Amino acid sequence: MDKTAYSNHAQGWELAEKSTLNSESGTLAAFRTRAESAGFPQCSVAQGSFLRFLAGRADAASVILLGTGSVVEAIRLMDGLSGRGQFTAVDSSPEGASLIRQTFQEERNSVLRLRAVNTSAGTYFPRLNPADYDLIVVSGDCRNYQDAIDHAPRLLKSSGQLVFTDAFALDAEPKKGGIMNPANRSDKAVTLRTLMDTLSQEDHLESCLIPVGNGMVLAAKDKQA
């Protein structure tokens, strides 16, 4: 790929972020600003729109968000549930879990059920019923990614989906170049490289890497698993 192609791809990414198809409401933008002011990086506009679309098109009734102050992702996923079902936020930060509860109380006026807990997935996931979830989205702290790989296959329904955001490891330290820079040995970059290797060898999960936002890995549980 030459410099012109790289430039065109960069402009395409910028267009997706600014497109009216992916636009955020003023209320959502305010929640984004609040979360970022509290020190929590938020997903890109296009990525949030994609998550909403994914939750809606999958006709999901039970969704888990495993993150760290991932407020915008939470709102977008709840929007995709269209006010019904169960939304579970497992947040590695007490402040993040509190922000998600506040967001739900301020904005949600529906039959959607919320569970928002501040704990690790390794502690909380063993308590959940097997084969009970349509969609699990993973973001934030790098430890969340390995916990999801360990537990998601048990928790997902047949054909359930597992989504990893910030797959390029650019959210917290973009200057390090993410997983694209071989010299970047940060915890998150190393974790994500390992995760992709693990998924490529996983028999019961079909997966792909796509360049939405800061990169996303999509995986689906085998119908027979």
Side-chain angles (χ1 to χ4, degrees), residues 17 22 24-25 27-56 60 62-81 85-108 112 114-125 133-149 151-152 155 161-174 178 187-188 191-192 195 212-219:
E17 290 299 305
N22 297 331
E24 296 180 343
S25 67
T27 302
L28 179 54
F31 280 121
R32 174 186 288 279
T33 299
R34 182 192 300 182
E36 290 176 342
S37 296
F40 299 111
Q42 298 299 294
C43 69
S44 81
V45 171
Q47 180 181 295
S49 180
F50 181 80
L51 289 174
R52 180 185 184 279
F53 178 88
L54 187 64
S62 188
V63 173
I64 297 175
L65 171 62
L66 175 57
T68 308
S70 305
V71 173
V72 171
E73 289 166 320
I75 294 172
R76 286 305 216 175
L77 288 166
M78 286 190 277
D79 285 344
L81 285 168
Q86 173 80 53
F87 181 77
T88 301
V90 182
D91 203 290
S92 52
S93 160
E95 296 83 4
S98 177
L99 276 173
I100 290 173
R101 291 191 200 98
Q102 291 174 28
T103 299
F104 182 83
Q105 291 166 359
E106 292 177 29
E107 283 301 299
R108 308 302 117 186
L112 180 68
L114 171 71
R115 291 185 300 199
V117 296
N118 165 223
T119 187
S120 68
T123 299
Y124 191 70
F125 277 10
Y133 297 89
D134 299 292
L135 176 63
I136 299 175
V137 177
V138 188
S139 64
D141 192 308
C142 66
R143 290 171 292 185
N144 293 339
Y145 293 73
Q146 185 57 55
D147 282 341
I149 283 288
H151 295 279
L155 298 175
Q161 298 179 70
L162 176 61
V163 177
F164 297 92
T165 70
D166 191 29
F168 298 151
L170 292 170
D171 273 353
E173 299 174 302
D187 289 346
K188 193 163 191 180
T191 296
L192 282 160
L195 178 147
V212 176
N214 281 342
M216 302 176 74
V217 173
L218 311 184

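This structure is a prediction, so every number in the text was calculated from the model and none was measured.
- Contacts of Arg32 classified as side chain to side chain contact (heavy atoms under 4.5 Å, CB included), with partners at least two apart in sequence or in another chain: Glu24, Glu36, Gln42, Val45, Val72.
- Counting heavy atoms from C-beta on, the side chains of Ile75 and Thr27 never come closer than 4.5 Å.
- Counting heavy-atom neighbours within 6.0 Å of Arg143 CZ, excluding the residue itself, gives a total of 12 or less.
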(message) Does Phe50 form a side-chain contact (heavy atoms from CB on, under 4.5 Å) with Leu218? I'd like the steps, not just the answer.
(response) CA-CA 12 Å; Phe50 181 80; Leu218 311 184; 4.0 Å; yes
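- Considering every non-hydrogen atom in both Leu162 and Ala148, the closest pair reads CD1-CB, 4.4 Å.
- The aromatic rings of Phe164 and Tyr145 sit parallel, their planes meeting at an angle under 30°, below the 60° perpendicular limit.
- The heavy-atom pair separating Ser70 from Leu65 by the smallest distance is O-CD2, 3.5 Å.
- Across all their heavy atoms, Gly96 and Phe40 have their closest contact at N-CZ, 3.7 Å.
- Taking Ser92 as the reference, Thr68 meet the side-chain hydrogen bond (donor to acceptor under 3.5 Å, both in side chains) condition, with sequence neighbours excluded.
- Listed here is the closest heavy atom pair of Leu192 and Ala169: CD1-CB, 3.6 Å.
- By the 6.0 Å contact criterion, CZ on Phe53 is open, its count of non-hydrogen atoms from other residues, nucleotides or ligands being 12 or less.
- Atoms CZ and CG, on Arg76 and Asn22 in that order, are 7.5 Å from each other to the nearest 0.5 Å.
- Contact of the Met78 side chain with the Leu112 side chain is registered, since non-hydrogen atoms from C-beta on lie closer than 4.5 Å.
- Counting only heavy atoms from C-beta outward, the side chains of Met216 and Leu51 approach each other to under 4.5 Å.
- Under the salt bridge (charged side-chain N to carboxylate O under 4.0 Å, His left out) criterion, Glu173 pairs with Lys176, sequence neighbours left out.
- With sequence neighbours left out, Ala172 forms a side chain to side chain contact (heavy atoms under 4.5 Å, CB included) with no residue at all.
- Applying the side-chain hydrogen bond (donor to acceptor under 3.5 Å, both in side chains) test to Asp147 and every residue at least two apart in sequence or in another chain returns nothing.
- Considering all non-hydrogen atoms of both residues, Ala116 and Ala97 come closest at CB-O, 4.2 Å.
- Under the side-chain hydrogen bond (donor to acceptor under 3.5 Å, both in side chains) criterion, Thr119 pairs with no residue at all, not counting sequence neighbours.
- Scanning all heavy atoms of the two residues, the minimum distance from Ile100 to Ala89 falls at CD1-CB, 4.0 Å.
- Rounded to the nearest 0.5 angstrom, Asp91 CG and Leu66 CG are separated by 8.5 Å.
- In this structure, the separation between OG1 on Thr33 and CG on Leu28 is 9.5 Å, given to the nearest 0.5 Å.
- Under the 3.5 Å distance criterion, the side-chain polar atoms of Lys188 are left unmatched by any main-chain donor or acceptor of Phe168.
- Atoms CG and CD, from Asp166 and Glu73 in turn, are 9.0 Å apart once rounded to the nearest 0.5 Å.
- Expressed to the nearest 0.5 Å, how far CD1 of Ile136 lies from CD1 of Ile64 amounts to 4.5 Å.
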(request) Just do the side-chain contact (heavy atoms from CB on, under 4.5 Å) check on Gln161 and Leu54 with the steps written out, would you? (result) CA-CA 10 Å; Gln161 298 179 70; Leu54 187 64; 3.5 Å; yes
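- Summarising the geometry, atom CG belonging to Asn144 is positioned 9.5 Å from atom OG1 belonging to Thr165; distances are rounded to the nearest 0.5 Å.
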